[in-house]
Amino acid sequence: MSEAGGARAALNAAAARFAFSPTARLDAELLLAHALGITRERLLLTLGDVVPPPGFAALVERRARHEPVAYITGTRAFWTIDLDVAPGVLIPRPDSETLIEAAVEHFAGTPGPRTILDLGTGSGALLLAALDQWPHASGVGIDASAMAIAVAARNAARLAPGRATIASGDWTGTGAAFDLVLCNPPYVAAAAALPHEVADYEPASALFAGADGLDDYRRLAVTLGPQIAPGGVACVEIGADQGQSAPPLFRAEGLTVTVRRDLAGRDRCLVITP
Ligand code: GLN
């Protein structure tokens, strides 16, 4: 067998082990690229010359036990940036890019937000994507988790040096108002059945929000208004089945709310103005 056959055969065999994953082939490619210390793009361009290194098999075994690829490789792409991730921090999801799209739409035709707040920043994904989108802005990322703060601070230093502050806190924020407030709170109902790779590996504190999944919106609704500057907007992620249940909590506090859908057409983002 040629060396090219070796790499292709190794990818095929790995992808076959990942039948539980909707992205089995991509998972295998990302793990092989990681084992080789190259990007996936480089791997695909040089597949004919690649020999799978001995360490690849151990990565395949980890993924076969449903460990998320992002925790194995330590990185995840989001919007225009690549974030470091680690166990203890929610892995950024493409769904959450809906919040950045909503913000881009809100600030279209303006110089953009100058100040950005990310409540429950996790890896720093939403804050740092927004700071990449608006290079003249600065911002603050708040989280209650010490592990999240450590990862977000590392990402902030690398991706937005001097422009991002990461701090410990809760839904009450910093006491200041911001042009753009981003928030992906926990919103999964306590009894919800999640895939093994989420339930067994990702932090429960970033996922679950009481019996109906609305507990954190109830708290956030009360504190959010004063944190949005005049002309500003808050983009808050919701679960696909919360487009009816979440908005009234914020409207009850005198805020204006519209619901925006993600690329799959599911309700995903509350667009909230004072
Ligand atoms: N979208 C995530 C999931 O169901 C939930 C993230 C969250 O609760 N903020 O895997």
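Indexing begins at 1, ligand by ligand and atom by atom, following the structure's order.
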Inset, instruction - Applying salt bridge (charged side-chain N to carboxylate O under 4.0 Å, His left out), run through Asp212 and Arg218 and close with a yes or a no. - result: CA-CA 11 Å; Asp212 60 3; Arg218 290 191 184 92; 2.5 Å; yes

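Interatomic distance, Glu29 CD to Arg25 CZ, rounded to the nearest 0.5 Å: 5.0 Å. Rounded to the nearest 0.5 Å, atoms CD1 (Ile81) and CZ (Arg76) are 12.5 Å apart. Here the OG1-CD1 distance, from Thr174 to Ile142, works out to 6.0 Å after rounding to the nearest 0.5 Å.
A donor and an acceptor atom, one from each side chain of Glu237 and Tyr187, are located under 3.5 Å apart. At a cut-off of 3.5 Å, with distance as the only test, no side-chain donor of Asp82 or Thr75 sits close to an acceptor on the other residue.
Closest protein heavy atom to atom 10 (O) of ligand 1: Arg93 NH2, 2.8 Å. Considering only non-hydrogen protein atoms, atom 4 (O) of ligand 1 sits nearest to Val188 CG2, 4.1 Å.
A heavy-atom separation below 4.0 Å is found between Ala206 and ligand 1. Contact between Asp95 and ligand 1 is absent, with no heavy atom of the residue lying under 4.0 Å from the ligand.
On a distance-only criterion, Glu237 and ligand 1 share no N/O pair closer than 3.5 Å. At under 3.5 Å, a nitrogen or oxygen of Tyr187, whether backbone or side chain, sits near a nitrogen or oxygen of ligand 1.
Of the heavy atoms in Ala209, none comes closer than 4.0 Å to ligand 1. Counting heavy atoms under 4.0 Å from ligand 1, residue Glu202 does not touch it at all.
Set against the non-hydrogen atoms of Asn184, the atoms of ligand 1 under 4.0 Å away are 7 (C), 9 (N).
When ring centroids are compared, His66 and Tyr201 stay outside the 6.0 Å threshold.
Between Pro186, Pro185, Ala189, it is Pro185 that holds the heavy atom closest to atom 9 (N) of ligand 1.
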